[in-house]
Amino acid sequence: MIISTSHVYYHLLFGLLLLHYAPPACPAAASYWTLLLPTIGISAMHMQLLPNDRIVIFDRTDFGSSNISLPAGKCRFDQNDMVLKLDCTAHSVEYDVSSNTLRPLMVLTDVWCSSGALDSNGSLVQIGGYNDGDHAVRVYRSCDKCDWEEMPSGLIQRRWYATSHILPDGRQIVIGGRRQFNYEFFPKTSPSEKAQSLPFLVQTYDRWIENNLYPFVFLHTDGNLFIFANTHAILFNYTDNKVVKTYPEIPGGDPRNYPSSGSAVLLPMRIVQDIVAVVEVLVCGGAPKGAYTNAKHGKFDGALDTCGRIMISDPNPQWVMETMPMGRVMGDMLLLPNGDVLVINGGSSGTAGWEHGRNPVLEPVIYKPDNSIGYRFEVQNPSIIPRMYHSTAVLVRDGRVIVGGSNPHEKYTFTNVLYPTELRLEAFSPSYLDPSSSGLRPEILASVFRTQFEYGEQMVIQFTVHDQVDMNLVLVTMVAPSFNTHSFSMNQRLLVLGGGNTTKIIGTSYYEVVVTAPPTGNVSPVGYYLLFVVHQGIPSEGIWVHLE
Ligand SMILES: *[C@@H]1O[C@H](CO)[C@@H](O)[C@H](O)[C@H]1NC(C)=O
Ligand SMILES: *[C@@H]1O[C@H](CO)[C@@H](O)[C@H](O)[C@H]1NC(C)=O
Ligand SMILES: *[C@@H]1O[C@H](CO)[C@@H](O)[C@H](O)[C@H]1NC(C)=O
Ligand SMILES: *[C@@H]1O[C@H](CO)[C@@H](O)[C@H](O)[C@H]1NC(C)=O
């Protein structure tokens with residue numbers, strides 16, 4: 001854990017606020033914020049955690065000069081760049097979580113508003129962008145000296161604001177993008193492979209607002225894709241281009257995708273005897289219908305405070321609506337290792353898009369999916385930094401959430417605006433990281449743990465816990481590292497592999513739990529995952545495992 005003066009400062013600040021407004025009956029475990037770096041030189045618009053605990057971060061190459069130089073006097077000459085053809089600053093960095101340090105990287109073409117996924121080897125395969133980068137596929141294989149590798153014509157169609165999702169065979173599907181009502185795969189299985197049309201994206205589109213960008217896409221455990229755009233959702237067979245099922249419309253009639261920018265997650269999936277019986281999606285927040293047009297005219301509508309939850313595996317699925325403690329647009333929803341959902345970042349009025357958001361929501365909210373309705377949301381301690389349009393958040397191995405970005409302006413703008421371009425990197429520590437929980441926290445014995453698994457294989461995990469263990473409250477979870485941008489974490493999924501009834505004591509404070517690796521690629525595509533042992537809601541540090 002990183003101890004900093006700002007950590008102390010934040011604690012003091014909250015202490016004062018709490019004393020002033022709502023003194024707690026007893027000191028409960030509390031969430032807290034830490035300022036990690038006062039500047040990373042760029043605005044964290046896209047983030048992906050890599051299996052070596054580094055985060056690759058990038059914004060866009062046509063922003064002009066950033067606040068971090070390229071390494072070793074390098075410069076980038078791009079005759080297509082509309083702002084700065086010769087640019088000696090970086091627009092991508094690699095952040096090392098454990099040392100809290102940065103390394104500038106050189107990306108050659110414009111990566112603005114793009115998508116991506118980790119491939120089965122743990123490299124980021126990033127898709128598209130803008131201008132000279134809109135057909136590009138770029139690979140970032142992390143190492144001490146590695147840099148971006150580019151395939152300028154990796155895509156058939158331009159992909160700007162598209163959604164990527166990893167498939168069971170390790171390829172990624174790329175869906176939509178601005179004025180792209182179709183999808184394609186990367187890599188291609190043959191040079192003649194074409195983009196396929198997707199009329200659903202036409203049906204959910206409004207050409208004045210371009211309002212179904214970055215659709216929410218999840219791989220259902222039956223092998224089809226759940227695709228949500230604005231208020232509609234389908235189950236889609238991408239192999240034969242068929243809509244398998246049309247879900248009911250989310251109640252309320254308000255759009256949830258860019259620029260309305262709510263967020264969505266596939267809720268934690270419990271595997272029991274190789275079967276996931278219940279698969280659910282949760283969509284939260286966004287902006288009401290008409291908000292984008294209103295924001296253009298200086299009227300900033302209050303954000304949606306509703307979430308819709310739907311069991312996509314049910315033969316007769318219905319939305320169940322819930323109310324958040326406050327409205328939120330441009331929030332990010334992240335799955336935490338203990339199965340809670342974090343809703344973080346964003347504002348309470350306006351929409352996504354330049355200068356269109358207002359009233360930052362500084363308090364994250366935790367949603368506990370297993371509690372009964374009305375007892376699911378818990379408001380967390382606030383940050384002091386607004387994270388509006390173009391902000392990001394990713395879970396890291398130690399259970400913290402790294403938060404960066406916010407730049408609601410067309411260029412880097414540091415003065416004379418409501419929400420200046422934000423270069424600070426912070427960490428949000430959920431209350432499970434409060435030192436008062438340390439006695440309950442499991443520690444996985446990494447030295448006796450194999451990290452390579454095949455589908456359906458037995459996993460034997462040994463761990464220690466200082467305090468007494470309640471065997472019934474042990475869980476083993478596995479989280480896929482997601483690609484975060486524009487309020488959506490692509491490829492995010494969490495599997496509950498089992499726990500309690502297969503946990504046994506093997507020595508003083510030593511335990512062993514035996515679980516089974518996920519059964520198929522439909523349940524969890526090939527690649528890297530973070531595995532956690534969770535005890536009474538307190539997760540261990542994660543261990544990287546590779547599933548194949
Ligand atoms: C970024 O660099 C510009 C130009 O040097 C400077 O004015 C600005 O204060 C810097 N911003 C931050 C947040 O470091
Ligand atoms: C992963 O690495 C292996 C071994 O280097 C290589 O054969 C394979 O093509 C790589 N896979 C991908 C998706 O890059
Ligand atoms: C999709 O359709 C193809 C062709 O009919 C079929 O082989 C495949 O099993 C279907 N996929 C799923 C996930 O049902
Ligand atoms: C543990 O519980 C699961 C789910 O109820 C069950 O399928 C499994 O057989 C149990 N395992 C043991 C060893 O009792």
Does the pair [X]/[Y] count as a salt bridge with the N-to-O cut at 4.0 Å?
X: Arg256; Y: Glu249; result: no
X: Arg54; Y: Asp96; result: yes
X: Arg178; Y: Glu210; result: yes

Whether the side chain of [X] engages the backbone of [Y] through a donor-acceptor N/O pair (distance < 3.5 Å, no angle test) should be reported.
X: Thr421; Y: Thr413; result: yes
X: Ser66; Y: Ile68; result: yes
X: Tyr367; Y: Leu282; result: no
X: Ser92; Y: Leu105; result: no

How many angstroms lie between atom CZ of Phe77 and atom CG of Leu108, to the nearest 0.5 angstrom?
13.0 Å
Rounded to the nearest 0.5 Å, how far does OG of Ser114 lie from CZ of Arg138?
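The CZ atom of Arg138 sits 6.5 Å away from the OG atom of Ser114.
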Taking side chain to side chain donor-acceptor pair (under 3.5 Å) as the definition, give me every residue that meets it alongside Asn257, ordered by chain and number, with sequence neighbours left out.
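None.
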Side chain to side chain donor-acceptor pair (under 3.5 Å) involving Asp240 - partner list, sequence neighbours excluded
Asn237
Ring centroid separation for [X] and [Y], is it under 6.0 angstrom?
X: Tyr161; Y: His486; answer: yes
X: Tyr247; Y: Phe226; answer: yes
X: Trp208; Y: Tyr292; answer: no

According to disulfide (SG to SG under 2.5 Å), does anything in residues 155-247 pair up with another residue at least two apart or in another chain? List the pairs.
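Every pair satisfying disulfide (SG to SG under 2.5 Å) with a residue in residues 155-247: there are none.
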Within residues 52-87 or reaching into it, pairs that qualify as disulfide (SG to SG under 2.5 Å) - sequence neighbours excluded
Cys75-Cys88
Is the closest side-chain heavy-atom distance between [X] and [Y] below 4.5 Å?
X: Ile55; Y: Gln48; answer: no
X: Val394; Y: Leu334; answer: no
X: Phe532; Y: Val479; answer: yes

Distance-only donor-acceptor hits, side chain of residues 80-87, under 3.5 Å, sequence neighbours excluded:
from  : atom 1 : to    : atom 2 : distance (Å)
Asp81 : OD1    : Val83 : N      : 2.8
Asp81 : OD1    : Leu84 : N      : 3.1
Asp81 : OD2    : Arg76 : NH2    : 3.3
Lys85 : NZ     : Gln79 : O      : 3.3
Lys85 : NZ     : Asp81 : O      : 2.9
Asp87 : OD1    : Thr89 : N      : 2.9
Asp87 : OD1    : Thr89 : OG1    : 2.6
Asp87 : OD2    : His91 : NE2    : 2.8

Minimum-distance pair of heavy atoms, taken over all atoms of Ala427 and Ile402:
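Looks like CB-CD1, 4.2 Å.
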What one should report as the nearest heavy-atom pair of Leu547 and Pro525 is CD2-O, 4.4 Å
Identify, with sequence neighbours excluded, every residue that meets ring pair (Phe, Tyr, Trp, His ring centres under 6.0 Å) alongside Tyr183.
Phe185, Phe236
I would like to know whether Trp112 and Phe63 meet ring-ring contact (aromatic ring centres under 6.0 Å, His included); could you show each step before the answer?
CA-CA 10 Å; Trp112 181 26; Phe63 252 164; 7.5 Å; no
Does atom NZ of Lys411 have more than 12 heavy-atom neighbours, drawn from other residues, nucleotides or ligands, at distances under 6.0 Å?
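Atom NZ in Lys411 is crowded, with more than 12 foreign heavy atoms closer than 6.0 Å.
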Among Phe218, Tyr214, Phe228, ring-ring contact (aromatic ring centres under 6.0 Å, His included) partner for Phe488:
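Considering Phe218, Tyr214, Phe228, a ring-ring contact (aromatic ring centres under 6.0 Å, His included) with Phe488 is found only for Phe218.
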